[in-house]
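Beneath this line is the structure, given in structure tokens, with notes to follow.
Residue indices begin at 1 and follow the sequence shown.
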Amino acid sequence: MIDVQKIWLTPTDVWIQTSDGRQACEHFADYKGLRNATAEERENYTLSPYGIHWEHLDEDLCFEGFFA
């Protein structure tokens, strides 16, 4: 399991930083539910030990996928 210490959003991406200092991002444009979402909708996410979930947008990003 990836130990994520920090998550932040930019206007175009969601970024994560792991406990060992690695950083990675996923582009909102690559995901239908996130592509057209407002900044407020993108900021309304929940976390699990495995990833990020936007229930109202029906999108999930697995932390491992950030490094695939």
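The hydrophobic cluster containing Met1 also includes Tyr50, under a criterion of side-chain heavy atoms closer than 4.5 Å among ILVMFWY residues, counted directly or through chains of members.
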Please list, one pair per line, the donor and acceptor atoms closer than 3.5 Å that link side chains of residues 57-68 to other protein atoms, with sequence neighbours excluded.
| residue | atom | partner | partner atom | Å |
| --- | --- | --- | --- | --- |
| Glu59 | OE2 | Gly33 | N | 2.8 |
| Asp60 | OD1 | His53 | ND1 | 2.3 |
| Asp60 | OD2 | His53 | ND1 | 3.4 |

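Pairs passing the ring pair (Phe, Tyr, Trp, His ring centres under 6.0 Å) check and including a residue from residues 19-39, sequence neighbours excluded, do not occur.
Among residues two or more places apart in sequence or in another chain, the side-chain hydrogen bond (donor to acceptor under 3.5 Å, both in side chains) test is passed with Arg35 by none. Annotation: side-chain contact (heavy atoms from CB on, under 4.5 Å) contacts of Gln5 (sequence neighbours excluded): Asp3, Ser19. For Thr18, the side-chain hydrogen bond (donor to acceptor under 3.5 Å, both in side chains) partners at least two apart in sequence or on another chain are Asp20.
When atom types are taken as modelled, the side chain of Arg42 and the backbone of Pro11 share a donor-acceptor pair closer than 3.5 angstrom.
With hydrophobic clusters built from ILVMFWY side chains whose heavy atoms lie under 4.5 angstrom apart, Ile16 shares a cluster with Leu47. One hydrophobic cluster, built from ILVMFWY side chains closer than 4.5 Å, holds both Ile7 and Leu34.
In this structure, CD in Glu26 is found 10.5 Å from CH2 in Trp15, a value given to the nearest 0.5 Å.
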Quiz item: Could you go step by step and tell me if Glu43 and Leu9 meet the side-chain contact (heavy atoms from CB on, under 4.5 Å) rule?
Solution: CA-CA 8 Å; Glu43 291 181 24; Leu9 307 178; 3.5 Å; yes
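In terms of heavy-atom proximity, Glu41 sits nearest to Trp54 at O-CD1, 3.6 Å.
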